[in-house]
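Just below is one structure, and these are the notes that go with it.
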Amino acid sequence: MISKKPLQLTLAILKPHVVKSPFALQKIRDIIIDNDFKVVRSRRTIITREEAEFFYADHKGKFFYNRLVTFVCSGPSDMHVLAGHDAIVKWRELMGPTKVYQAQYLAPNTIRGTFGLSDTRNAAHGSDSPESAEQEIKIFFKDFNTTKWYQIEEPFFSLGQVRFDPKAFVHIINEVDTTKSTI
Ligand SMILES: Nc1ccn([C@@H]2O[C@H](COP(=O)(O)OP(=O)(O)OP(=O)(O)O)[C@@H](O)[C@H]2O)c(=O)n1
Ligand SMILES: Nc1ncnc2c1ncn2[C@@H]1O[C@H](COP(=O)(O)OP(=O)(O)O)[C@@H](O)[C@H]1O
Ligand SMILES: [Mg+2]
């Protein structure tokens with residue numbers, strides 16, 4: 001039976017130390033594809049201090065805030081809007097616990113268990129709720145309109161009418177080719 005539940009969106013960020021490491025980056029990309037996520041948008045960018053402070057505003061005042069903001073601005077990060085069934089929880093499960101020793105001890109095969117270097121440099125980010133996913137996507141994909149995506153693109157993704165472009169690391173909608181019409 002085809003599920004009518006719409007796909008959920010989440011923001012995944014691969015943090016700078018991962019983007020610097022081709023092996024880690026490829027392994028994490030493999031995990032994304034092998035777990036049936038659709039990659040709706042991808043973008044590599046150096047996060048600005050302003051963006052980082054806004055993105056991590058909830059952590060302002062914590063002892064790790066300054067190192068966190070400094071670290072995420074230290075080099076390019078890969079941003080991905082991922083779609084999937086229960087994408088938010090699923091991506092967070094694949095990442096594993098926030099703290100790297102917990103990840104290494106309790107969930108060694110997760111992304112953070114494998115590629116985390118410290119509690120700050122823990123390899124990846126994932127939105128923690130549908131509300132934060134929408135807000136976070138807006139910060140890094142300014143022209144992405146979630147409502148429009150659900151209206152126009154989601155049905156294609158939901159029906160699997162997309163193809164994967166490995167170079168751009170993004171799924172593209174299969175447009176109907178009217179030139180091949182037999183009518
Ligand atoms: N006042 C502090 C300082 C540290 N820690 C914990 O100890 C960990 C290790 O701290 P630290 O050695 O400073 O981390 P680094 O190895 O320097 O790595 P990073 O700066 O990337 O977190 C922190 O991440 C944090 O979980 C803590 O709970 N309270
Ligand atoms: N105790 C800590 N020490 C150092 N950095 C931390 C600590 N807790 C969180 N961080 C950093 O701040 C980011 C945001 O924290 P949080 O939202 O609590 O975790 P998560 O990324 O799992 O949602 C973490 O991914 C990590 O990079
Ligand atoms: Mg968080």
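Just follow the structure's listing: the first ligand is 1, and inside any ligand the first atom is 1. Side chains are part of it too, since the values below use all heavy atoms of this structure and drop only hydrogens, waters and symmetry mates.
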- Item | Stepwise side chain to side chain contact (heavy atoms under 4.5 Å, CB included) check, Asp165 with His171 | CA-CA 6 Å; Asp165 176 347; His171 283 90; over 6 Å; no

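- Residue Asp119 touches ligand 2 through backbone and side chain together, judged by heavy-atom distances below 4.0 Å.
- Going from atom NZ of Lys38 over to atom CD1 of Ile173 covers 12.5 Å, rounded to the nearest 0.5 Å.
- Lys15 forms no cation-pi arrangement with Phe71, by the criterion of a distance under 6.0 Å to the ring centre and an angle within 45° of the ring axis.
- Considering both main-chain and side-chain atoms, Thr120 comes within under 3.5 Å of ligand 2 through a nitrogen or oxygen pair.
- Counting heavy-atom neighbours within 6.0 Å of Phe164 CZ, excluding the residue itself, gives a total above 12.
- Summarising the geometry of Leu14 relative to Val19, their closest heavy-atom pair is O-CG2, 3.5 Å, with the distance given to 0.1 Å.
- Within the 4.0 Å heavy-atom shell around ligand 2 one finds Lys99.
- Heavy atoms of Phe71 come nearer than 4.0 angstrom to ligand 2 in no pair at all.
- Using cut-offs of 30° and 60° for the angle between ring planes, the Tyr56 and His59 rings count as tilted.
- Contacts of Asn122 with ligand 2, taken as heavy-atom pairs under 4.0 Å, involve the side chain alone.
- Ligand 2 is approached by Lys15 to a heavy-atom distance shorter than 4.0 Å.
- In this structure, Arg92 is part of the shell of residues with a heavy atom less than 4.0 angstrom from ligand 2.
- Those atoms of ligand 2 that come under 4.0 Å of a heavy atom in Phe63, given as number and element, are 1 (N), 3 (N).
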